Amino acid sequence: MDGGPPEPAALERHGGNLEAVARRLGCRPTDLLDASASLVPFGPSASVRRVLQAVLRTPAGKPSPLRDYPDREQLRLRRAIAAHHQIDPAAVLPGNGAAELFTWLARDAAAAGTSLLPSPGFADYPRALACWGGAWSPWPLALPQPGIVVWPQPLPSAPAGSSQALWVTNPHNPTGQLWSRASLEPLLERFVLVIVDEAFLPLVPGGESQSLLPLVASHPGLVVIRSLTKLLAIAGLRLGYAVADPARLRRWAAWRDPWPVNGLAAAVGEAVVGDRLWQERVQRWVAAEGPWLEKRLQQLPGLTPLPSAANFLLLRSESPLVELRERLERQQRVLLRDCRSFDGLGECWLRIALQDRRNNRRLLRALRQEISR
Ligand SMILES: Cc1ncc(COP(=O)(O)O)c(C=O)c1O
C-alpha cells in the first residue's frame, strides 16, 4: 500500500486531478480532456514559457531564481503586482496560490468570530477555517435562473445574525455569477472582516470594473484575494496574492514558512502580471466560447446550463449525473467537475470548464453520445 493520509476519492472531487484519474483509468494524463479544472486552455502564454526557459539557461554556479533562495520580502514581485493595480506594494502579499493565503486569512476570520459562507460555495474556505477551529454558517444563495440574465447580478441581502466575517467569491464558484461592486460595498459596514475572492475576475469580460481592489486602502477590514493560476494556466507553478491592510499582511508573513512562493513562480509573476494583452485575449475567449457552449448545452436533453459570467458553466439535471460523468471519463476520457464537494449541490449537478472551440466540440460530442446510450 502506498496510500498516504489524503483519501484519493475525496481529493478527486475537487477537479483537476489528471494524474490520479489517469492512474485509475489506466491511461496517460495526455489522453484526458480536463474540463474539471477551470484553467485557460491555451496557456501558459509564450511570455511565461520564455521566463522559465531563460531561468533554465542560466549557467550552473550563477545566481538564478532556480538556484537561490527567493527574496524573503518578495519586493520585486510585490512591486510588479502593485504597479499593475496602481496600489501600495505594502498592501500586497504574494502566496503559493490563493489556497495558501486562505489558510492565514482563516486565522483572522476565526479570531473575528463566526464566518458566513455563501452556499453552494468553494470547499477550500471551510478547509482553511477548520485549521483554526473557526466557526462558520452557510448563507444559502438562490441559484441563477436559466435564460438571459443581466450582469452583474446584485448580491441578495445578507441574512440578519451575528456573523463577523463574510466570504464572497466574485464571480461566484460554482455558479459563475458576477456580483456588482455596488451590491458588495454596503457589506463592508456590516462585517468586521469581508473577504472577496476574485480568483476568476480577471477572466470575466468587463469584470475588473466590479473589483473591490480600489476600496482596500480605505477599508482595513477588507481583504481581496487574487489567483494567477487560472488566468495564466500555471496551477502547477502556483501563484496568488492578497491585497489588504499592510499591518494584517505583516502578521500573516510572520506566521508562514520563510519561502512560500518559489523563485520560478516569483520570476514569472514579476514578468507577466501586467500582461494586459493576455488578459484581453482570455476575456475575448470567454465572451466567445461561453455563450457558444451554453447555447449548445441547452439543446441536450435533460441538461440545463445556468448562465455564467466566468469560464465555467454549471449544469443541472432532474436526475443524478454521477453515472453520466463516470461514463464520460471511462468511455470518452472527458473529465467534468463532480459538484458533490460544493455544499448545497449534489448528484444532479456538474460543472464544465470552457475549452477552445475544438475541445468544446469534443466535449459536446462526448456528452451527446453518452446521453443517448
Ligand atoms: C474560487 C476559487 N478561489 C481560489 C482557488 C484556488 O486558487 P489557487 O490555484 O491560486 O490556489 C480556486 C481553485 O479552484 C477557486 O475555485
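Small disclaimer: the values here were computed from a predicted structure and weren't measured. All ligand and atom numbering here is 1-based and tracks the order in the structure.
Using a 4.0 Å cut-off to heavy atoms of Phe102, the atoms of ligand 1 that qualify are 3 (N), 4 (C). Under a 4.0 Å criterion applied to the non-hydrogen atoms of Gly97, ligand 1 contributes the atoms 10 (O), 11 (O). In the vicinity of Asn173, heavy-atom distances shorter than 4.0 Å reach the ligand 1 atoms 1 (C), 15 (C), 16 (O). For ligand 1 and Ala199, the ligand atoms under 4.0 Å from any heavy atom of the residue are 2 (C), 3 (N), 4 (C). Taking a cut-off of under 4.0 Å to the non-hydrogen atoms of Ala99, the atoms of ligand 1 that pass are 11 (O). Using a 4.0 Å cut-off to heavy atoms of Phe200, the atoms of ligand 1 that qualify are 1 (C), 15 (C), 16 (O). Of all atoms in ligand 1, numbered sequentially from 1 with element shown, those under 4.0 Å from a heavy atom of Asp197 are 1 (C), 2 (C), 3 (N), 4 (C). Close approach to Thr169 involves these atoms of ligand 1, each under 4.0 Å from a residue heavy atom: 1 (C).
Here the side chains of Gln369 and Gln331 are not in contact, with every heavy-atom distance at 4.5 Å or above. With a 4.5 Å cut-off on side-chain heavy atoms, Leu129 and Phe102 do not count as touching.
Taking 4.0 Å as the cut-off, Gly240 does not count as a neighbour of ligand 1 on heavy-atom distance.
Every residue was checked against the side-chain hydrogen bond (donor to acceptor under 3.5 Å, both in side chains) condition with Ser163, not counting sequence neighbours, and none meets it. Residues meeting the salt bridge (charged side-chain N to carboxylate O under 4.0 Å, His left out) test with Arg226, sequence neighbours left out: Glu198, Glu208.
Val223 is not connected to Leu187 by any chain of hydrophobic side-chain contacts under 4.5 Å among Ile, Leu, Val, Met, Phe, Trp and Tyr, and they are in different clusters.
The closest heavy-atom contact to atom 8 (P) of ligand 1, among the options Arg238, Lys230, Arg337, comes from Arg238.
With ring centers used as reference points, Trp285 lies under 6.0 Å from Phe42.
Side-chain contact check for Asn262 and Arg238: no donor-acceptor pair (N or O, by modelled atom type) lies under 3.5 Å.
Just one of Arg361, Arg284, Arg357 meets the salt bridge (Lys or Arg N to Asp or Glu O under 4.0 Å) condition when paired with Glu289; it is Arg357.
For Thr229, a nitrogen or oxygen atom sits less than 3.5 Å from a nitrogen or oxygen atom of ligand 1, counting backbone and side chain alike.
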